[in-house]
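Presented below is the structure to which this report refers.
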Amino acid sequence: AMTRSMMVAVLYRLGGSPAVTGEIPFPDVEPGSWYADAILWSEANEIVEGYDNGMFGPHDPITREQLAAILYRYAQYKGYDVSIGEETNILSYEDAFDISDYAVPAMQWAVGAGIIQGDGAHLNPREYASRAQVAAMVMRFIENVAK
């Protein structure tokens, strides 16, 4: 599975690895770690939020809905059009009600933009995303959104 820190590092590098300053607000992110700057950058730009307990979970596997939320916020940060998802009906997926409240707009956008594809009847929002799935979703993001 792809971890949360790996995903943030991918977007940080995609964005040119800008210089960062400040202190990391998450006690479970080790200063000087290979992902610390990426997490600091993503938090400062409101791309990634921590958990309700104040932790980031850098080694936690990323779920499909977390990935959608991160890509959605990254698209907003970059000024890309995220309105496509406003009209997307995800209720046809059997597990649409399994999507966490915070991730519903992001999942609608990701499905509408062709970034996330279900397996027919399911979006599998709380399943962990493999590196291969993340690579495919990031590629679709680049092709469909960041054009």
Side-chain angles (χ1 to χ4, degrees), residues 1-88 90 93 95-118 122-147:
M2 184 85 150
T3 65
R4 290 168 51 85
S5 59
M6 287 177 192
M7 185 63 230
V8 171
V10 166
L11 293 180
Y12 177 64
R13 291 180 184 131
L14 184 63
S17 302
V20 295
T21 59
E23 291 187 33
I24 298 169
F26 307 109
D28 61 339
V29 174
E30 196 66 38
S33 61
W34 63 267
Y35 50 81
D37 284 352
I39 291 174
L40 181 59
W41 165 83
S42 67
E43 193 276 335
N45 290 292
E46 300 178 354
I47 297 166
V48 174
E49 299 172 357
Y51 295 125
D52 289 339
N53 65 3
M55 301 294 188
F56 181 82
H59 306 297
D60 292 353
I62 194 165
T63 65
R64 292 166 58 86
E65 69 181 6
Q66 288 172 349
L67 176 60
I70 290 170
L71 287 174
Y72 181 71
R73 291 185 205 118
Y74 181 73
Q76 290 174 317
Y77 161 76
K78 295 294 282 183
Y80 300 143
D81 182 12
V82 293
S83 65
I84 191 167
E86 294 171 1
E87 302 299 320
T88 302
I90 58 174
Y93 292 96
D95 57 356
F97 291 103
D98 293 341
I99 300 170
S100 300
D101 290 344
Y102 80 89
V104 170
M107 288 293 284
Q108 285 179 299
W109 166 79
V111 170
I115 296 167
I116 291 185
Q117 301 169 349
H122 300 92
L123 287 172
N124 307 309
R126 297 192 185 188
E127 285 188 12
Y128 298 133
S130 70
R131 291 179 189 185
Q133 289 173 331
V134 172
M137 290 180 214
V138 169
M139 178 73 135
R140 289 185 211 119
F141 174 84
I142 291 168
E143 291 173 345
N144 299 347
V145 178
K147 36 186 165 170

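In what follows, every heavy atom counts, from backbone to side chain, and hydrogens, waters and symmetry copies are set aside. In what follows, residues are counted from 1 in the order of the sequence shown. None of these values were measured; they are calculated from a predicted model.
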Spatial distance of atom [atom1] ([X]) from atom [atom2] ([Y]) [nearest 0.5 Å]:
X    : Y    : atom1 : atom2 : value
E30  : I24  : CD    : CD1   : 8.5 Å
I62  : R131 : CD1   : CZ    : 12.5 Å
I47  : L11  : CD1   : CG    : 7.0 Å
N124 : Q133 : CG    : CD    : 8.0 Å

Taking all non-hydrogen atoms of both residues into account, name the closest pair between [X] and [Y] and its distance.
X    : Y    : result
Y128 : A1   : CB-CB, 4.1 Å
A68  : I116 : CB-CD1, 3.7 Å
L40  : G22  : CD2-O, 3.6 Å
I84  : G112 : CD1-O, 3.3 Å
G57  : R4   : O-CD, 3.4 Å
A9   : A38  : CA-CB, 3.7 Å

Report yes if some heavy atom in the side chain of [X] is under 4.5 Å from a heavy atom in the side chain of [Y]; otherwise report no.
X    : Y   : value
M2   : V10 : yes
V145 : L71 : no
M7   : Q66 : no
Y51  : D60 : yes
Y77  : S42 : no
P58  : D28 : yes
I39  : V48 : no
E43  : F56 : no

Is the count of non-hydrogen atoms from other residues, nucleotides or ligands lying under 6.0 Å from E46 atom CD greater than 12? no
Working for side-chain contact (heavy atoms from CB on, under 4.5 Å), residues I115 and W109: CA-CA 8 Å; I115 296 167; W109 166 79; 3.4 Å; yes
Should the ring pair W41 and Y12 be called parallel, tilted or perpendicular, given that the plane angle runs from 0 to 90° and is split at 30 and 60? tilted
What is the ring orientation for Y74 with F141, classed by angle as parallel under 30°, tilted 30 to 60°, or perpendicular over 60°?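 The arrangement is tilted - the two ring planes meet at 30° to 60°.
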Looking only at atom types and distance, does a side-chain atom of [X] sit under 3.5 Å from a main-chain N or O of [Y], one as donor and one as acceptor?
X    : Y    : answer
N144 : A113 : yes
Q108 : T88  : yes
S100 : A103 : no
N53  : M55  : yes
R64  : P125 : no

Take V111 and Y93, measure what side-chain contact (heavy atoms from CB on, under 4.5 Å) needs, and give me the verdict at the end. CA-CA 11 Å; V111 170; Y93 292 96; 4.1 Å; yes
I would like to know whether L123 and E65 meet side-chain contact (heavy atoms from CB on, under 4.5 Å); could you show each step before the answer? CA-CA 9 Å; L123 287 172; E65 69 181 6; over 6 Å; no
List the steps and the verdict of side-chain contact (heavy atoms from CB on, under 4.5 Å) for V82 and Y72. CA-CA 7 Å; V82 293; Y72 181 71; 3.7 Å; yes
